Amino acid sequence: MNHFEYRHHVLHCEEVPVPLIAQGVGTPFYLYSSATLTRHFLAMDQAFADLPHLTCFAVKSCSNLAVLNLFAGLGGGADIVSGGELFRALAAGVEPRKIVYSGVGKTPEEMRYALLSGILMFNVESSQELAALQAVAAGLGVKAPVALRINPDVDPQTHAYISTGLAKNKFGLPIEQAAAVYEEAKGLSHIEVVGVSCHIGSQLTSVAPFVESIHKVIAFIRRLTGLGITVKYLDMGGGLGIRYDQENPPEPAEYAAALKQALAEAPGCTLIIEPGRVIVGNAAILVTKVLYTKSGAKHFIVVDAGMNDLARPSLYGAHHAVLPVMERGQGQMTADLVGPICETGDFLARERPLPESESGDLLAVLSAGAYGFSMSSNYNSRPRVAEVMVRGDKFQVIRQRETLASLIQGERIPDWE
Ligand code: LLP
């Protein structure tokens, strides 16, 4: 459930009519509903209320300070994958002891920053990374808390670009190698083994792959116990999908029930989850304005948002529903919804029944909260759009639209002397 709905044929975000915001901030803009963000965070977090757990929001899915701050206020932690995300999480008020650091390519500088910040743990993905972390921790005279990321070789049945738990993916350690790397970790002076982690992919629409992988991870934890290694944290990553179109993903409660059943076999472990999309995906829309329409072999609706603002359709062929902001009894037409970018791959929807539109109409691109703004770029030298948050009958800009000056900030014409 989300808080975007029509009232008297005008799309509202909570109590605020969307056209009012467009008047105030211009278009395009991302529009977040704080009630929806809160509801989705709590649905996920409370589904695990009866066992020791920590919900670490995947910052990469939506990294605006206001959004991170909202989850921090609800007791959330953060799953980060860069020094930049650590900086954001700390600036937003996330407690360092609730931050887990994932990713295959952490640099020594990033490791140092995270160690000095006192994060909960590093999800380490290779033996070389472990050695690098040991060296950085030794230099600082501290112990680095570590979970090794296991690659369980489970098919998440999702888009190939966002599958991470297959043996052929770059992520994690094959289970067969992982025990040896744990033994290695145990012998390192500045490493403290605290957990096991795993993340098999994103936008999963059934619980079966999660169940298959948690069973593999728990069997692995038992093996570790046999080797005299005990772990405190079992990090199962994120990945629960949402409905963009016709998908029927499990509800958080169903997902939680499946994980909890398996977890009964791993008593004493605190569960960590790293949800991103399921919390923010349907909590935001992208509002864009129709510039022109044109027809030839096909119909095109040209809007002021493009693939630089929302990359998912171009990059993954992803489906995002499109609704008119004002319902005025318009029919539908099969058309491509395209942006101003100079590439044929620049589309937000292709060959879809779309609201019959004319210049000046506002359209809402739905389910844009996850990997929407956070993947946007300045391609074609387009300033990144504004982000706005609604709470009840109020709205506030949570990220200003970039200016033309911001586009060239830091650039310099060399003066070869
Ligand atoms: N934890 C780790 C280690 C991850 O790599 C990811 C996502 C998550 C958690 C959060 O997954 P979620 O709950 O959001 O599915 N840009 C793509 C999605 C990339 C996902 C990358 N990793 C998209 O727009 O679909």
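No experiment lies behind these values; they were computed from the predicted model shown. Ligands are counted one by one from 1 in listed order, and the atoms in each one are counted from 1 as well.
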Peer 1: Can I get a per-line list of side-chain donor-acceptor pairs under 3.5 Å for residues 129-147, giving both atom names and the distance, sequence neighbours left out?
Peer 2:
| residue | atom | partner | partner atom | Å |
| --- | --- | --- | --- | --- |
| Glu129 | OE1 | Glu125 | N | 2.9 |
| Glu129 | OE2 | Lys106 | NZ | 2.5 |
| Gln134 | OE1 | His190 | N | 2.8 |
| Gln134 | NE2 | Ser189 | OG | 2.9 |

Peer 1: Please identify each residue that fulfils side chain to side chain contact (heavy atoms under 4.5 Å, CB included) with Asp336, with sequence neighbours left out.
Peer 2: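 So Asp336 forms a side chain to side chain contact (heavy atoms under 4.5 Å, CB included) with Lys298, Phe300, Val338, Arg350, Glu351.
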
Peer 1: For Leu363, run the side-chain contact (heavy atoms from CB on, under 4.5 Å) check against Leu337, Leu323, Asp304 and tell me which one passes.
Peer 2: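 Going through the options one by one, the only one that passes is Leu337.
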
Peer 1: Does the pair Arg382/Asp309 count as a salt bridge with the N-to-O cut at 4.0 Å?
Peer 2: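 Yes, this pair counts.
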
Peer 1: Using residues 271-280 as the side-chain source, report each donor-acceptor pair under 3.5 Å to any protein atom, sequence neighbours left out, with the distance given to one decimal.
Peer 2:
| residue | atom | partner | partner atom | Å |
| --- | --- | --- | --- | --- |
| Glu274 | OE2 | Asn123 | ND2 | 3.4 |
| Arg277 | NH1 | Tyr244 | OH | 2.7 |
| Arg277 | NH2 | Ser202 | OG | 2.7 |

Peer 1: Could you go through Asn169 and Thr164, starting from their C-alpha distance and side-chain angles, then the distance that decides it, and tell me whether this counts as side-chain hydrogen bond (donor to acceptor under 3.5 Å, both in side chains)?
Peer 2: CA-CA 6 Å; Asn169 302 139; Thr164 53; 5.7 Å; no

Peer 1: List the protein residues in contact with ligand 1, where contact means a heavy-atom separation under 4.0 angstrom.
Peer 2: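 Contacting ligand 1 under 4.0 Å are Ala58, Lys60, Asp79, Ser102, Arg149, Ile162, His199, Ser202, Gln203, Gly238, Gly239, Glu274, Pro275, Gly276, Arg277, Arg312, Tyr316, Tyr371, Met375.
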
